[in-house]
Q: 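One structure is given below, represented as structure tokens, and several questions about it will come after.
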Amino acid sequence: MIRALAVAITLASASSAQEAAVQGQGAILRGLDKVNGQASDLDLNNDSATEFGSLTVELAECRYPVENPDGDAYAFLTIRETERNREIFSGWMLASSPALNPLEHARYDIWVLRCKI
């Protein structure tokens, strides 16, 4: 609850303090399997999903600052445990602050690298 409130406040203050954002074509995410140490990049289009290990990662949209496309990207993700179809994450992840609203999973980490332009 507190984390969701912190994200909402950050996004609200960022939108008023920074330039406008545009929607990208999709996002590049990085996934890490903490058991074997293997990292993989996930290339998703908006409104699409992919499998990463035992997870299903869905990208609703990715946005980035108009004046700085290489700047801070943020993506709305829904992540589920595939076999159980149990949602374990739903919300915005920010490329510049991955610890602000992270996926909390014993085996996997996933974070946003950038939007696809």
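Quick note: residue numbers are just sequence positions, from 1.
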Q: If you compare all heavy atoms of Ser96 against all heavy atoms of Pro98, which two are closest, and at what distance to 0.1 Å?
A: C-CD, 3.5 Å

Q: If you round to the nearest 0.5 Å, how far is CG of Leu55 from CD of Glu58?
A: 11.5 Å

Q: For the residue pair Phe89 and Leu77, establish whether any side-chain heavy-atom pair is separated by less than 4.5 Å.
A: yes

Q: Rounded to the nearest 0.5 Å, what's the gap from CD1 on Ile79 to CG on Leu59? Could you check?
A: 10.5 Å

Q: Please report the interatomic distance CZ(Phe52) to CZ(Arg30), rounded to the nearest 0.5 Å.
A: 10.5 Å

Q: Calculate, to the nearest 0.5 Å, the distance between atoms SG and CG belonging to Cys115 and Leu44 respectively.
A: 11.5 Å

Q: So, do Glu61 and Asp47 sit near enough that their side-chain heavy atoms are less than 4.5 Å apart?
A: no

Q: Under a 3.5 Å cutoff, is there a donor and acceptor pairing between the side chains of Thr82 and Ser54?
A: no

Q: Does any part of the side chain of Met93, heavy atoms only, come nearer than 4.5 Å to the side chain of Leu103, both counted from C-beta?
A: yes

Q: How close do Cys62 and Ala73 get, heavy atom to heavy atom, and via which atoms?
A: SG-CB, 4.2 Å

Q: So does Asp43 get a backbone contact from the side chain of Lys116, meaning a donor-acceptor N/O pair under 3.5 Å?
A: no

Q: Does any part of the side chain of Tyr108, heavy atoms only, come nearer than 4.5 Å to the side chain of Leu32, both counted from C-beta?
A: no

Q: Which heavy atom in Tyr74 sits nearest to a heavy atom in Ala21, and how many Å separate them?
A: OH-CB, 3.3 Å

Q: Quick one, Arg80 with Ile88, criterion side-chain contact (heavy atoms from CB on, under 4.5 Å). Give me CA distance, side-chain angles, the key distance, then yes/no.
A: CA-CA 5 Å; Arg80 291 182 172 80; Ile88 58 172; 5.9 Å; no

Q: Is the closest side-chain heavy-atom distance between Arg63 and Trp92 below 4.5 Å?
A: yes

Q: Are the side chain of Asp33 and the backbone of Ala39 linked by a donor-acceptor contact shorter than 3.5 Å?
A: no

Q: Identify, with sequence neighbours excluded, every residue that meets side chain to side chain donor-acceptor pair (under 3.5 Å) alongside Arg114.
A: none

Q: Check each of Glu81, Glu87, Glu51 against Thr56 using the side chain to side chain donor-acceptor pair (under 3.5 Å) test, and report the only one that passes.
A: Glu51

Q: Rounded to the nearest 0.5 Å, what's the gap from CG on Leu113 to CG on Asp41? Could you check?
A: 5.5 Å

Q: Are Ile117 and Tyr64 packed together at the side-chain level, in the sense that at least one heavy-atom pair is separated by less than 4.5 angstrom?
A: yes

Q: Would you check if Leu94 and Asp72 make a side-chain contact, meaning some heavy-atom pair closer than 4.5 Å?
A: yes

